[in-house]
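All chains are named by letter (A, B, ...) in the order of the sequence lines, taking the proteins before the strands, and each is independently numbered beginning at 1.
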Amino acid sequence: MLNNSKPLSDIERIQTVVKMIPAGQVSTYGRIADYAGLLHKARYVSYALAQASHDSLPWHRVINSQGKIAIAKGNPSYFKQIELLRLEAIQVNHGRVNLKQYLWHPDAATLIFSLSF
DNA sequence: CTACTGACCTAAT
DNA sequence: GATTAGGCCAGTA
């Protein structure tokens, strides 16, 4: 056996992909789901992040497809996310990020490799 | 089992 | 830009 570990769970696959997002770049819920092999399960990504929104993974680098912060304004995490993004030199205006500028374009082979464990 | 809820997405308006 | 509608799907009550 080349690999005797059990397959990654959906949540583990999502977290693996999120960890691959480089500092200074962002991705979206839908894209993360696609990269993790979970087509059309964008909503599940938000659940997976909420489960582990500790320091363990860069949850702040995940925003919605419109480039906006997905958390409701007024929620402390909303401001926390903006703060974390700005620490990485990502500009946030009116709760919005320029996807053209900061969107992460992962390498397919690297993705497959990272998810194979 | 059904009903409701979301840190969602796309297309249409 | 903003809002709506329909689709999506796991979790929860």
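In this structure, of dA7(B), dA2(C), dG6(B), it is dA7(B) that holds the atom nearest to the side chain of Ile71(A). Closest contact between the side chain of Gln66(A) and the listed nucleotides dC8(B), dA2(C), dT10(B) involves dT10(B). Closest contact between the side chain of Tyr47(A) and the listed nucleotides dA7(B), dC9(B), dG11(C) involves dG11(C).
The separation between Ile21(A) atom CD1 and dA7(B) atom P is 18 Å, rounded to whole Å. Rounded to an integer number of Å, the gap from NZ of Lys41(A) to C1' of dA7(B) is 18 Å. Computed from coordinates, the Arg31(A) CZ to dC9(B) P distance equals 9 Å when rounded to whole Å. In this structure, NE2 of His60(A) is placed 19 Å from P of dA7(B), rounded to the nearest angstrom. In this structure, the CG atom of Leu49(A) is 12 Å from the C1' atom of dC8(B), given to the nearest Å. Rounded to an integer number of Å, the gap from CD1 of Ile32(A) to C1' of dA7(B) is 13 Å. The interatomic distance linking Ile69(A) (CD1) with dG6(B) (C1') rounds to 17 Å, in whole Å. Between the P atom of dC8(B) and the CH2 atom of Trp59(A) lies a distance of 13 Å, rounded to the nearest Å.
Taking the nucleotide of DNA chain C with the nearest heavy atom to each of Arg96(A) and Arg43(A), the more 5' of the two is matched to Arg96(A).
Cluster membership check: Val26(A) shares its hydrophobic cluster with Phe79(A), using side-chain heavy-atom separations under 4.5 Å among Ile, Leu, Val, Met, Phe, Trp and Tyr. Cluster annotation: Leu87(A) and Val18(A) are assigned to the same hydrophobic cluster (Ile/Leu/Val/Met/Phe/Trp/Tyr, side-chain heavy-atom contacts under 4.5 Å, transitive).
In summary, the side chains of His60(A) and Glu88(A) do present a donor paired with an acceptor at a separation below 3.5 Å, with no hydrogens or angles considered.
In this structure, the side chains of Pro22(A) and Trp104(A) come closer than 4.5 Å at one or more pairs of heavy atoms.
Phosphate contact (OP1/OP2 of dT10(B), side-chain N/O of Ser65(A), threshold under 4.0 Å): present.
Using P as the reference atom, dA7(B) and dG7(C) are 22 Å apart when rounded to the nearest Å.
Across Lys19(A) and Leu57(A), no two heavy atoms sit closer than the pair CG-CB, 4.1 Å.
Between the base of dA10(C) and the side chain of Tyr44(A) there is no donor-acceptor pair shorter than 3.5 Å.
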